Every structure is written in structure tokens, then in C-alpha cells.
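One-based numbering along the sequence shown. It should be emphasised that the depicted structure is a prediction, and the values quoted were computed from it without experimental measurement.
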Amino acid sequence: MSIPSNQGVFDDLIHFPVRLRICAGLAPLQWAEFSQLRDGLGVADSVLSKHLKHLTDAGYVDIERFIKAGRSHVRVALTNTGRKAYVDHVAALRDMLQTGQ
């Protein structure tokens with residue numbers, strides 16, 4: 001369900017607490033390693049993986065696997081679509097707070 005506002009669009013997919021925190025954590029960054037996100041959110045690998053899958057399926061995040069110093073790493077970035085959806089969602093929340101909805 002999307003609730004249009006003057007400034008943004010409420011996004012149920014992003015609004016789920018862990019996904020909102022993922023997007024908020026990625027928004028100021030070009031990318032973050034999976035372990036950074038996991039530790040910052042204080043969630044288990046499986047929880048983060050589940051929510052990243054939802055965001056990836058929606059086209060909101062890209063996941064890249066790479067080898068560094070012989071070890072496997074995973075990094076995550078918001079896509080342009082994901083960044084716009086997050087910014088619009090935050091704007092919708094601000095609008096809701098201002099209008100008292």
C-alpha cells in the first residue's frame with residue numbers, strides 16, 4: 001500500500017524496521033560490507049540475508065561478492081531506485097508527522 005503525499009511515497013517494503021535501518025545505514029554510503037551492516041544492526045546473518053533478499057528482489061539493493069586477501073566478502077549498495085524509494089519514504093514520514101496523519 002502506498003500513501004501519496006506532497007513530498008514522498010510511503011513504502012511498506014522499506015518501512016519494515018530492519019529494512020528501514022538497512023536503507024538508513026546504506027543511504028550515506030557508496031556501499032557497505034555485509035559484516036558492517038550485520039554488526040551495526042545487531043542482527044544474525046540469517047536475519048540480514050532475509051531482509052536483503054526482499055530489498056534485492058524489489059531492485060532496491062545490489063549485492064556484490066568478491067575475494068579480498070584470499071577471503072570471500074559481500075558488499076551491499078543501494079541502487080538508484082532504492083535510494084529514491086528510501087528518500088521518498090522518509091519524506092512521506094516527515095509529511096505524515098507534519099500533517100498529523
**Q** Testing the basics here: between Leu13 and Ala58, what is the closest heavy-atom pair and its distance to 0.1 Å?
**A** CD2-CB, 3.3 Å

**Q** Which pair of heavy atoms, one from Leu29 and one from Arg83, lies closest together, and at what distance?
**A** O-NH2, 3.4 Å

**Q** What is the minimum heavy-atom distance between Pro28 and Gly25, and which atoms define it?
**A** CD-O, 3.6 Å

**Q** Would a distance-only check, ignoring hydrogens and angles, find a side-chain to backbone donor-acceptor pair under 3.5 Å from Arg38 to Leu48?
**A** no

**Q** Mark yes when over 12 heavy atoms from residues, nucleotides or ligands other than Glu64 sit less than 6.0 Å from its CD; otherwise mark no.
**A** yes

**Q** Less than 4.5 Å apart, any side-chain heavy atom of Phe66 and any of Glu33?
**A** yes

**Q** Does Arg21 reach the main-chain N or O of Leu41 with its side chain, forming a donor-acceptor pair under 3.5 Å?
**A** yes

**Q** Using atom types as modelled and distance alone, determine if a side-chain donor or acceptor of Thr79 lies under 3.5 Å from a backbone N or O of Tyr60.
**A** yes

**Q** When rounded to the nearest 0.5 angstrom, what distance separates CG in Leu20 from NE2 in His51?
**A** 11.5 Å

**Q** Heavy atoms only: give me the nearest Ala32-Leu26 pair and the separation to one decimal.
**A** CB-CD2, 3.8 Å

**Q** Drop me the distance from Asp88's CG to Asp95's CG, to the nearest 0.5 angstrom.
**A** 11.5 Å

**Q** Can you establish whether the number of heavy atoms outside Asn80 located under 6.0 Å from its atom CG is more than 12?
**A** no

**Q** Would you kindly confirm whether Val47 and Leu37 end up in one hydrophobic cluster when ILVMFWY residues are joined by side chain heavy atoms under 4.5 Å apart?
**A** yes

**Q** Quick one: closest heavy-atom pair of Ala92 and Gly8, and the distance?
**A** CB-C, 3.9 Å

**Q** Taking all non-hydrogen atoms of both residues into account, name the closest pair between Asp11 and Ala85 and its distance.
**A** OD2-CB, 4.0 Å

**Q** Roughly how far, to the nearest 0.5 Å, is the CG atom of Leu55 from the CD1 atom of Ile14?
**A** 7.0 Å

**Q** When rounded to the nearest 0.5 angstrom, what distance separates CZ in Phe34 from CZ in Arg65?
**A** 9.0 Å

**Q** Quick one: are His89 and Phe10 in side-chain contact, heavy atoms under 4.5 Å?
**A** yes

